[in-house]
Amino acid sequence: MRIDAHQHFWNVGRLHYPVLDPNVFGAWHRDVEPPELEPLLKERGIAGTVVVQAKNGLDETEYLLELSDRHDWIRGVVGWVDLTDRTLAVRQLKRLEKHAKFKGVRHLFMSPQERDWLIRPETVAGLKALAEAGKTFDVSAEFPHHLYHVPEVARQVPDLRIVIDHLAKPPADGEGLERWEADLERASLWPNVCAKVSGLDPHSPHLRAIVDTAFRLFGAERLMFGSDWPVACLSGSYEDVWQAVNDAVSGRTEREKEALFGGTAERFYRLAP
């Protein structure tokens with residue numbers, strides 16, 4: 001089963017999204033919902049997706065779960081709970097886990113002041129509650145230090161299934177790739193850490209080298225494809241992203257491709273067939 005393990009929806013009329021700057025998103029600063037994505041998936045034989053939060057708030061998580069009720073091909077929802085308050089996080093998780101498609105949590109790092117958010121004692125306590133609930137954690141590595149902290153989180157919460165979104169945003173221009181590779185390698189040493197081949201510039205001349213590095217460090221069994229649609233449309237189309245990743249893995253075995261384009265996501269998020 002082909003899975004797009006990372007995409008978004010948003011309803012700007014219903015919810016406020018701090019990250020959606022109209023000056024950046026332009027024509028995409030509008031409601032973006034499942035009917036717009038569905039034909040793009042069908043064209044490529046993609047049977048399901050994992051929709052990921054685009055704001056820190058329970059209101060959006062509830063909205064995404066509502067969408068998943070109406071569209072069977074939304075196989076999983078990565079939402080948000082307040083991981084900085086363990087008691088509150090436990091209560092929110094118990095409420096959300098009643099929905100079978102609630103699979104995990106992500107927190108957007110909105111400012112450099114959150115550079116150490118991942119390893120703060122209160123966050124680690126919340127992440128332990130997340131692991132106890134059997135849910136996953138998507139790391140939105142907005143800055144290099146967020147990737148740097150992943151091994152420490154993996155060490156302190158060894159039962160937590162962690163996935164690094166967008167391969168922690170390697171520089172498309174190639175500047176700083178050595179540091180990125182070193183930090184990614186440290187994270188890959190922990191067996192509870194996976195990574196998403198998502199959110200990458202499809203026009204980067206370094207894309208294949210970046211993807212090859214990811215395969216070398218994680219292996220196909222810990223990598224999953226995500227389109228990052230519609231954010232990806234700021235630098236290309238769904239087709240651009242799909243084709244670029246397929247070109248980057250040309251020459252890989254069918255087993256490796258099956259893992260990347262579905263198998264890893266199915267296992268990691270425990271998606272229903």
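Index from 1, following the sequence. In what follows, every heavy atom counts, from backbone to side chain, and hydrogens, waters and symmetry copies are set aside.
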Trainee: With hydrophobic residues grouped by side-chain heavy-atom distances under 4.5 Å, do L217 and V163 end up in a single group?
Mentor: no

Trainee: Using modelled atom types only, decide if a donor and an acceptor are shared between the side chain of N192 and the backbone of L160 within a distance under 3.5 Å.
Mentor: yes

Trainee: Test L200 against L207 for side chain to side chain contact (heavy atoms under 4.5 Å, CB included), laying out the working first.
Mentor: CA-CA 8 Å; L200 306 176; L207 181 61; 3.6 Å; yes

Trainee: Is there a path of hydrophobic side-chain contacts, each under 4.5 Å between heavy atoms of I, L, V, M, F, W or Y residues, that connects L223 with V245?
Mentor: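 Yes, it is one cluster - the side chains of L223 and V245 are joined through contacts under 4.5 Å.
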
Trainee: Strictly by modelled atom types, are D240 and S237 linked by a side-chain donor-acceptor pair under 3.5 Å?
Mentor: yes

Trainee: Which pairs, with at least one residue in residues 243-271 and sequence neighbours excluded, count as a ring pair (Phe, Tyr, Trp, His ring centres under 6.0 Å)?
Mentor: F225-F261, W242-F261

Trainee: Counting C-beta onward and ignoring hydrogens, is there a side-chain heavy-atom pair between K196 and V52 closer than 4.5 Å?
Mentor: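 When only atoms from C-beta onward are counted, V52 and K196 do touch, with a gap below 4.5 Å.
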
Trainee: Could you go through L118 and V139, starting from their C-alpha distance and side-chain angles, then the distance that decides it, and tell me whether this counts as side chain to side chain contact (heavy atoms under 4.5 Å, CB included)?
Mentor: CA-CA 9 Å; L118 270 176; V139 179; 4.1 Å; yes

Trainee: Minimum heavy-atom separation for L15 to E60, with atom names?
Mentor: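 Smallest interatomic distance, heavy atoms only, reads CD1-CA, 3.7 Å.
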
Trainee: Among W117, F109, W180, find the one that has a ring pair (Phe, Tyr, Trp, His ring centres under 6.0 Å) with H146.
Mentor: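 Of W117, F109, W180, ring pair (Phe, Tyr, Trp, His ring centres under 6.0 Å) with H146 is met by F109 alone.
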
Trainee: Using side-chain heavy atoms (C-beta onward) and a distance below 4.5 Å, is D69 in contact with H99?
Mentor: yes

Trainee: Check whether any side-chain heavy atom of E36 lies under 4.5 Å from a side-chain heavy atom of W229, and answer yes or no.
Mentor: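 A side-chain contact under 4.5 Å exists here.
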
Trainee: Starting at CG of L37, measure out to CD of E33 and round the result to the nearest 0.5 Å.
Mentor: 12.0 Å

Trainee: Aromatic rings W10 and F25: how do their planes relate, parallel, tilted or perpendicular, breaks at 30° and 60°?
Mentor: perpendicular

Trainee: Just so I know, are the side chains of W80 and K55 near enough to count as touching, which here means a heavy-atom distance under 4.5 Å?
Mentor: no

Trainee: Any sub-3.5 Å donor-acceptor pair from H6's side-chain atoms to G199's backbone N or O?
Mentor: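 Absent.
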
Trainee: Determine yes or no for a side-chain-to-main-chain donor-acceptor pair under 3.5 angstrom, with T49 supplying the side chain and I74 the backbone.
Mentor: no

Trainee: For L93 and A129, work out which heavy atoms get closest and say how close.
Mentor: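 In this case the closest contact between L93 and A129 is CD1-O, 3.9 Å.
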
Trainee: Using the rule given for salt bridge (charged side-chain N to carboxylate O under 4.0 Å, His left out), can you reason through D212 versus R252, listing the C-alpha separation, both sets of side-chain angles and the distance that settles it, and then say yes or no?
Mentor: CA-CA 10 Å; D212 284 346; R252 296 278 169 188; 3.1 Å; yes

Trainee: Run R86 and K128 through side chain to side chain contact (heavy atoms under 4.5 Å, CB included) and show every step you take.
Mentor: CA-CA 9 Å; R86 178 183 168 89; K128 288 180 178 179; 4.0 Å; yes

